[in-house]
Amino acid sequence: MRGRFRLAATITAVAAVLGTGCATTGSAGAGQSPPSPAPYPADTGSAPSGGAESLWAVAALGESDAWAVGTHTPLPRGIYPLTEHWDGQRWRAVPCPSPGGTAEPTRSSLAAVAIDAPDDAWAVGTWSPIEHVPPSYGLIEHWNGAKWTLVPVPSSGGHVTHLDLTAVAAASPTAAWAIGEGVAGGHFVTVFMGWNGTRWRYLPSPAGMSGPAVISAHDIWVVGGSKHRTLAEHWDGSKWTIVPTPNAFKDRTRNSGLFAVSGSSSSNVWAVGEYQSGPTSLDTSTLVEHWDGARWQLQPSPNGPPGARGERDLSAVAALSRSSALAVGSYGAGAVLPLTERWNGVRWTTVPNKLQPGVTFAYLTSVAAVDPRYAWAIGEGDQYTKHISFIEKWNGTSWQQLPNPNP
C-alpha cells in the first residue's frame, strides 16, 4: 500500500497505543527490554526554513485549529521536523525544535500528531545524527499554545539500536500515549509510552500496531495483521485481549491487514485496510470492518470509480458517529489517485476529489474529522513530475486540495 510503504521508508512502522500500567515488552520482542533512547543534544533549536517537504499526519480540534506534521530538507544539509498549523484562514509553517539545532544538522522527522486542546498537542517521530546510519532515537514534542518544545523520552535501561515513535493519542493534559518500534538485543520490540501530566513512562505492549481508537482510558482499540489475516486488540484498563476479526477472503493464504482504527463509542468502531483480491499481491481491494459492541463484522466498501484496477486500499479512518465516518487511501495501477469514502449510516460510498492541475500520482495517508461537514486529509504525490505533499479539505460534499505553505 503506497502511503504506508512511503512512510515506512522514512520512519519504519505504523502504530497506536495505550493504557496504563508498568513497562513490559511486546510480543515481537518477547524477553527483551524496551530500548533506551539517547538524551537530546544540549544544542537544540528551531529547524531552518525552506526545502522540500513531506507531510505524514494531521489532527484537528476545530474549524480554526488543526496541525499537520512531517519533515523537510532545507539546503545545504539536514533533515528536520516540520509542523504546520491551520488558523481558520490558511496553513502556515510553525517553528519546531530539532535535536542538535542548526549547528549540528540531524536526521529528524515527525510521524504523528494529536491535539486535545488549543494549548495541548503532541507530535512524535524519530531522529539520528545525519553523519551516521542508525541508531535512531525517539522524538517527542509538545505544543503549549505558544511554542513547540522537546520533551524527554523515557529510558528503560536497555540497549537501543534504533527507536521510531510512529503514533500518538491525547485525551487531556494528563493523558496521552505514544507507540513505536525499536531494536533491543538484536530483536524488534514494540514500545508503548504513556504521559501522566508529568512524564512519559513505558506501558504494556499489545500485538497490534495501528491505531489507536481511544474511547476512554478503559476502552481502547489497536489493529494490525500478519501476512494472512487481520488483528484487533482491546484494552479494558488492565489487560490487552485479542478479539476475533473476520477474514475478507475465504482463502486464508491471501494477504490481509488492517491499517487504521477509529471509534466514536464503545459500540461504534471502524477499522480499515486492504486484502489481496486477485492472483498477485498487487491486486488488492479495500477492507472495512466494524465493531458493534459485540463483534467485528465485514462491511462492504467501494474500490474507487468503476473500472479501477490494481491496488485499492484505505490507510486512515475517522469515526464521528453511527451515521458519519470518513476513510481515505488510494486506487489505481500506474496512475495512482486518492480514494476517499464516506459512511452515511447505511453504506460506504466514494466521494469526489478536486485536485490541483498537474497532479498525476497521489495517495492519502491521514484523515482528521471535526464534524460531518469539516475534515482534513494529508497526502503525498507528484505534480508536474515534482514531488509534493498536499492537504485536502472536506466540506460535507467533496474534497478540495488547498495551497500548502513552503516551510
Side-chain angles (χ1 to χ4, degrees), residues 4 13-21 24 26-28 57 59 112 114 116 124 165-172 175-181 190-194 203-226 229-248 256-275 286-299 301 314-322 324-329 343 348 366-369:
R4 299 177 71 82
V14 192
V17 256
L18 282 79
T20 56
T24 63
S27 59
D116 68 89
V124 301
L165 295 177
T166 54
V168 65
S172 73
W177 303 268
I179 187 176
E181 182 181 71
T190 301
V191 176
F192 286 89
M193 302 174 185
L203 303 174
S205 299
M209 287 292 291
S210 293
V214 182
I215 310 303
S216 72
H218 305 284
D219 189 1
I220 297 161
W221 288 95
V222 295
V223 297
S226 64
R229 70 169 301 109
T230 57
L231 170 70
E233 199 164 0
H234 183 258
W235 173 258
D236 65 2
S238 62
K239 67 181 184 302
W240 289 100
T241 303
I242 294 177
V243 180
T245 53
N247 246 18
S256 185
L258 295 171
F259 299 151
V261 61
S262 177
S264 66
S265 71
S266 297
S267 59
N268 183 52
V269 182
W270 291 100
V272 300
E274 70 176 10
Y275 72 97
T286 61
L287 174 60
V288 176
E289 300 193 8
H290 183 257
W291 172 259
D292 61 6
R295 59 175 179 153
W296 285 97
Q297 300 180 73
L298 291 173
Q299 180 68 45
S301 57
L314 294 171
S315 57
V317 62
L320 288 165
S321 68
R322 289 183 178 274
S324 181
L326 295 167
V328 301
W343 171 255
W348 285 93
S366 179
V367 62

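Numbers here are sequence positions counted from 1.
- Not a single salt bridge (charged side-chain N to carboxylate O under 4.0 Å, His left out) links D292 to another residue, sequence neighbours left out.
- For the atom pair W291 CH2 and S267 OG, the distance stands at 10.0 Å (nearest 0.5 Å).
- Pairing each heavy atom of S315 with each of A260, the nearest pair is O-CB, 3.5 Å.
- Using a 4.5 Å cut-off on side-chain heavy atoms (C-beta onward), L298 and E289 make contact.
- Partners of T286 according to the side chain to side chain donor-acceptor pair (under 3.5 Å) rule, which considers only residues two or more places apart in sequence or in another chain, are S301, N303.
- The minimum heavy-atom distance between S366 and A316, with the atom names listed, is CA-CB, 3.8 Å.
- Every side chain to side chain donor-acceptor pair (under 3.5 Å) that N268 has, sequence neighbours left out, goes to S264, H290.
- Aromatic ring orientation, W343 versus W348: tilted (interplanar angle from 30° to 60°).
- When side chains are defined from C-beta on, V243 does not count as touching R295, because their heavy atoms never get closer than 4.5 Å.
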>> Between I179 and T166, does the side-chain contact (heavy atoms from CB on, under 4.5 Å) criterion hold? Intermediate values first, please.
In response: CA-CA 6 Å; I179 187 176; T166 54; 4.2 Å; yes

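- No donor-acceptor distance shorter than 3.5 angstrom exists from the side chain of S256 to the backbone of Y275, with no hydrogens or angles considered.
- The distance from the CG atom of L203 to the CE atom of M193 is 9.0 Å, given to the nearest 0.5 Å.
- A distance of 10.5 Å separates CH2 in W296 from CG in L231, rounded to the nearest 0.5 Å.
- Side-chain rings of W235 and W177 stay apart, their centers remaining 6.0 Å or farther from each other.
- Here the closest non-hydrogen pair linking H234 and H218 is CE1-O, 4.2 Å.
- The minimum heavy-atom distance linking D116 with A170 is given by the pair OD2-CB, 3.5 Å.
- For the residue pair A167 and A112, the shortest heavy atom distance occurs at CA-CB, 3.6 Å.
- Nearest approach of S262 to V317, heavy atoms of both residues: CB-O, 3.4 Å.
- Residues V223 and T230 have side chains not in contact (no heavy-atom distance under 4.5 Å, counting atoms from C-beta outward).
- Proximity of L314 to L287: side-chain heavy atoms (C-beta onward) are nowhere separated by under 4.5 Å.
- Under the 4.5 Å side-chain criterion, counting only non-hydrogen atoms from C-beta, P204 is not in contact with F192.
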